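Have a look at the structure below, then the notes.
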2 protein chains.
Amino acid sequence: MKRKITLKHIARELDVSISTVSKALKNSEEISRETKEKIQAFAKLYNYKPNNIAISLKNKRTKNIGVIIPDIVHHFFTTVFRGIEKYANDKGYNVIVCVSDESFDKEVINMEMLANGSIDGFIMALSAETQLKNDYNHLKQVTDQGIPLVLFDRVTDEVNCDKVIIDDQAAAHMAVSKMIADGRQRIALVTTEDYLNVSSKREEGYRKALEEHNLPVREELILRLPYQYEDEKLSEVFFATQEVDAVLCVNEIFAVRTIRFLEDNDLRVPSDVSVIGFTDGILSRLSNPTLSSVAQHGEEMGTIAAKMLIDKVESDIEEGEEEYRTEVVEATLIERESTRSS
Amino acid sequence: MKRKITLKHIARELDVSISTVSKALKNSEEISRETKEKIQAFAKLYNYKPNNIAISLKNKRTKNIGVIIPDIVHHFFTTVFRGIEKYANDKGYNVIVCVSDESFDKEVINMEMLANGSIDGFIMALSAETQLKNDYNHLKQVTDQGIPLVLFDRVTDEVNCDKVIIDDQAAAHMAVSKMIADGRQRIALVTTEDYLNVSSKREEGYRKALEEHNLPVREELILRLPYQYEDEKLSEVFFATQEVDAVLCVNEIFAVRTIRFLEDNDLRVPSDVSVIGFTDGILSRLSNPTLSSVAQHGEEMGTIAAKMLIDKVESDIEEGEEEYRTEVVEATLIERESTRSS
DNA sequence: GCAAAGCACGAAAACGGTTTCGTGTTAATA
DNA sequence: TATTAACACGAAACCGTTTTCGTGCTTTGC
């Protein structure tokens, strides 16, 4: 086993000082050509690589960024992460991921673990519980220490920092308007029961689109479901009312399950009922029928978030004007088989 | 902005030495009760947290583990990662993820980036390109340095280290045997064209099961597809031969697309054709019909891999007997709508 | 009353680098 | 020949901890 070699080893072996070795390996003008060549050759031979930890301690820069997301087995977060990872890696940064599991406590613990020198900045999406508690002290503590922070998707106005979001309201508005244009009249909304920022924005967009087209907003057509639900739940809307001709779902899974439920109850998609979901993931592309879906462009969001963060990290202004930006990524409606004009 | 406070600050402020502060905060017996209380109170007040980087440098342990996977937007890898992350976090470790994107070069670069002190050990699944090139020098270099390494799923015999795999051959064997027991006779295999270790193991299991049940292995029933393929490709088997009554697919996506293709060509699943896939992910559970699938228990694999790695990292024996283990996680066949006896 | 112990704390090295500021030697200049 | 500049390198501080080894002072024991 060849242990890692250090500057000290090289210095001892070649009978020069540590500083000389350091400078030689950086090709400093201070060192004579022959000494440099000797040292560089030796370093190459023994495959010398500087110790990252030592460098981090010296420059107070780790070249690591911390990413905290509620869930990793989730298509949207995964695509955002890919965007972050790619951009960061290109810039020479590594990414440390922590999963909050939608829990406030885990989010706090993870942030504290990383905030003590392990990372240069954070990118995160708030956990559901954090949004419910409305407690953002852990975030403020981090920003107070001068650690850059970028929030994406699940954001809050309570914290001053860079953000990247999609305009959920506009996206839902677009989807509903599309259905109305296709001749749909009784449009249901299937959303989550917990009060996530994104869900409520989508609901707003849904309501606004109906109102703008002079259609009544029927509360009985809005169904709020937990993440784990029984199919019978769906019957409240689709059986009791029996007149739905279109459904907007706030995620892919709800959409696919809705389609399946409809077809099991002899309603055809899209001829009888038109369906649109959010999160243009693998399910949308491969379900049967394929699902029209609002693409959130997760990878792009990730790239933007990473760029914003790294720009902040590498800017020397430290904390000048405190100018924070919010980037809005435009959502796109991908039309597939689950929507056709009636 | 309150900058991070250090031992030195506390020492200066309280007019004691740095060593005294350090010991006091560790509740050392050496320090008098009153001094300890004073220092601890001060530290609490200013929210002192020791700098991770400095500690890492001192004990040559980062409490970080590096995970390198070919793709993050992939259900199986994602579940494995979740298992790793959970276990590691419980043990006080953070996880740095790098994505090799199935590229040999990226894999090498990522390993080198992390191997210079950033992590205490690696968990990885080999990239497709690495398996093709059959070049594992980057792995050997890492293990030669005494850095623990655990391979999962995509492994190789060329490297001596801990491994965790599923018995792909047995899993495929089980799936095919099940179909035969259900009365299927002409069973097709849809697999990848690149020579991944896992695919070939599954093919072996497929062949073996047929042979053991005295069914002929027809090469024309084995279809090798690229990751991105056109549906027409499928017709080679299913139209040309026209007699398939069951299909084993080496992943979920191939399975779902196969089902869709069959149904578009007026073959009913499962009555006419029975289908089983690998990777029991979201697609299997939500496709229509739901897909019978070989569950690889990714999260369990992740947990095991993390445990193996951390045990190695924390064992002091350094490099004693060089005893490496290979854990085999048993696959399970989850039966759903796409298989029913004919 | 003096040596030995015990107590409470500090100095300094170490981890592995970077960087500033000398300093001794040689060569060029007045 | 004496002064100076350039050159090539080394000493040492520093980043923030931990830890070993003193050391001065008080207390105990005889």
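Numbered from 1 within each chain, the chains take letters A, B, ... in sequence-line order. Nothing here was measured: the structure is a model prediction, and the numbers come from that model.
Residue pairs meeting the side chain to side chain donor-acceptor pair (under 3.5 Å) criterion with at least one member in residues 148-160 of chain B, sequence neighbours excluded, are B/E102-B/R154. Sorted by first then second residue, the salt bridge (Lys or Arg N to Asp or Glu O under 4.0 Å) pairs that include residues 106-128 of chain B, not counting sequence neighbours, are B/D101-B/K106. Counting only residues at least two apart or in different chains, ring-ring contact (aromatic ring centres under 6.0 Å, His included) contacts with residues 13-42 of chain B comprise B/F42-B/Y46. Contacts classified as salt bridge (Lys or Arg N to Asp or Glu O under 4.0 Å) and involving residues 17-32 of chain A (residues at least two apart or in different chains) are given here: A/K23-A/E30. Pairs engaging residues 47-68 of chain A under the ring-ring contact (aromatic ring centres under 6.0 Å, His included) rule: none recorded [sequence neighbours left out].
Side-chain contact annotation: B/S32 with B/T35, donor-acceptor N/O pair under 3.5 Å present.
Legend: residues meeting side chain to side chain contact (heavy atoms under 4.5 Å, CB included) with B/L149, ordered by chain and number and at least two apart, are B/F122, B/M124, B/L139, B/T143, B/L151, B/V159, B/C161. A/D311 pairs by the side chain to side chain contact (heavy atoms under 4.5 Å, CB included) definition with A/K307, not counting sequence neighbours. B/F104 pairs by the ring pair (Phe, Tyr, Trp, His ring centres under 6.0 Å) definition with B/H138, not counting sequence neighbours.
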Restricting both atoms to N or O, compile the protein contacts to nucleotides 15-17 of chain D shorter than 3.5 Å, with distance only.
unit_1	atom_1	unit_2	atom_2	d
D/dC15	OP2	B/K8	NZ	2.8
D/dG16	OP1	A/K60	NZ	2.8
D/dT17	OP1	B/Y48	OH	3.1
D/dT17	OP1	B/N51	N	3.1
D/dT17	OP2	B/L7	N	2.9
D/dT17	O5'	B/Y48	OH	3.0

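Residues from residues 27-35 of chain B with heavy atoms under 4.0 angstrom of DNA chain C, sorted by number: B/E30, B/I31, B/S32, B/T35.
You can see that DNA chain C meets the heavy atoms of chain B within a 4.0 Å-exclusive cut from C/dA8 to C/dG16, reading 5' to 3'.
Axis angle between the ends of the helix from C/dG1-D/dC30 to C/dA30-D/dT1, five pairs each and rounded to 10 degrees, works out to 70°.
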